[in-house]
Amino acid sequence: MKGIQMVDLKGQYIKIKSEIDAAIQNVIQNTAFINGPEVKSFKSDLERYLDGSHVIPCANGTDALQIAMMALQLKPGDEVITADFTYVATAEVIGLLGLKPVLVDVKPDTFTIDPELVAKAITSKTRAIVPVHLFGQCADMETLNTIADLHNLYIIEDNAQALGATYTYNNGPIKKAGTMGNIGCTSFFPSKNLGCYGDGGALYTQDADLARVIQMIAHHGQRVQYVHDMLGVNSRLDTLQAAILQIKLKHLNAYNHARQAVAAYYDQAFSGISGIEIPKRNPQSTHVFHQYTLTVPALKRDAIRADLSECGIPSMIYYPIPLHQQKAYLQADVNDEQFPVTVNLCKSVLALPIHTEMTTEMLDYISSNFIKSIKKHI
Ligand SMILES: *Cc1c(COP(=O)(O)O)cnc(C)c1O
């Protein structure tokens, strides 16, 4: 079968082409390329989607994380706890601001940060925790909120992969991913669940004062034009991207449901197949499946990927190297023994194609060939 992709942005575009093309044309006609009306209207739409959070659009998800840490006035030397098993951006901005990234291991079932290890990693210098809602489901926010409250720490949610997921607290409230900490950060990188046609990102918070600070920092620390009260950055969402996102946001729930249907198909196809572990769900969170990541025997992973590739089925490894092993993040007092889960996951995870345009034929083809390969090697 030809044309199977990890993500099918073209197929997704074709279905909304007329609307998208008109919106892009409209921006070009109006020439308000920076901070045009679409930026404001997308911001309001996302605020509504996030149950009334204050939203500040910015240039990308990495900037969102950096601006969040600046807005919370974290200072050089402050410690920020995050997961060893994540995309590099999470730890990168911690380092860039002169803060100390304190990496902890993740849980073997859901691959999200282990709250017990977070509690153990807290010192007098700890200021914030950055849980990553990895692959599309929420970290253990209830426990993390409790820990943060107890130690007076901020929570910045890295919600680049889980926009639209919800989390249910034991005492009832249901919250959207990214709205449970002090600040939530999102990326609109094209392949994310809500992706634009270039770079984009946003921060959100429930705190109106904090929202004002974030807004200023993202715009050169500017209070009113040419008056700069604090050090900021230049991080804007393009009007063109906002126009595209405004249209795609209307489809986000449907897109997430399409991903969930793919995951359900894979789950069923792979149930009872020995040697692999299908993705475990956090019972308090929905899963919007930014990735469908399962684990296979480490020593067979390359051979399985080669089999798939021969059938025209792409696969990916998110992530092949633990952060603590990356040259840029080496720390003298840190070694593999502190991260047994991440070390193992980096050797055994495998992500299969999952996107909004998959057909039953494709799913059938991918899962039958995957199972064939697994049976051959195990
Ligand atoms: C994509 C991603 C980011 C960064 O987003 P960009 O828009 O590419 O800067 C940060 N964290 C995680 C977990 C991501 O997946």
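Both ligands and their constituent atoms are indexed starting at 1 by order of listing. Note that the structure is predicted; figures quoted are calculated from it, not measured. Quick note: residue numbers are just sequence positions, from 1.
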*Taking side chain to side chain donor-acceptor pair (under 3.5 Å) as the test, write out the residues that go with K250, two or more places apart.*
E19
*May I ask you to list the atoms of ligand 1 that are less than 4.0 angstrom from any heavy atom of G61?*
5 (O), 6 (P), 7 (O), 9 (O)
*Quick one: does ligand 1 sit under 4.0 Å from the side chain of H290, the backbone, both or neither, non-hydrogen atoms only?*
neither
*Do you see a donor-acceptor pair shorter than 3.5 Å between the side chains of N182 and E157?*
no
*Using 4.0 Å as the upper bound for N to carboxylate O, is an ion pair formed by D45 and K40?*
no
*D302/R305 salt bridge by N-O under 4.0 Å criterion*: no
*Where does V132 meet ligand 1, judged by heavy-atom distances below 4.0 Å: at the side chain, the backbone, both, or neither?*
side chain
*Go through the side-chain N and O atoms of N193 and H290 and say whether any donor and acceptor fall under 3.5 Å apart.*
yes
*asked:* Treating D158 as the side-chain partner and A160 as the backbone partner, does any N or O pair qualify as donor plus acceptor under 3.5 Å?
replied: yes
*Atoms of ligand 1, numbered as shown, that sit under 4.0 Å from any heavy atom of A89*: 4 (C), 10 (C)
*Is T62 close to ligand 1, meaning an N/O of one under 3.5 Å from an N/O of the other?*
yes
*Do any nitrogen or oxygen atoms of D63 lie less than 3.5 angstrom from nitrogen or oxygen atoms of ligand 1?*
no
*Protein heavy atom at shortest distance from atom 1 (C) of ligand 1*: K192 NZ, 1.5 Å
*Which atoms from ligand 1 have a heavy atom of N60 less than 4.0 Å away?*
7 (O), 9 (O)
*Polar-atom distance check: T86 versus ligand 1, any N or O pair below 3.5 Å?*
no
*Which heavy atom of the protein is the closest neighbour of atom 15 (O) of ligand 1, given with residue, atom name and distance?*
Q161 NE2, 2.8 Å
*Identify, with sequence neighbours excluded, every residue that meets side chain to side chain donor-acceptor pair (under 3.5 Å) alongside Y318.*
none
*asked:* Quiz question: by atom type and distance under 3.5 Å, do the side chains of N369 and D307 form a donor-acceptor pair?
replied: no
*Look at atom 13 (C) of ligand 1 and say which protein heavy atom is nearest, naming residue and atom and giving the distance to 0.1 Å.*
D158 OD2, 3.4 Å
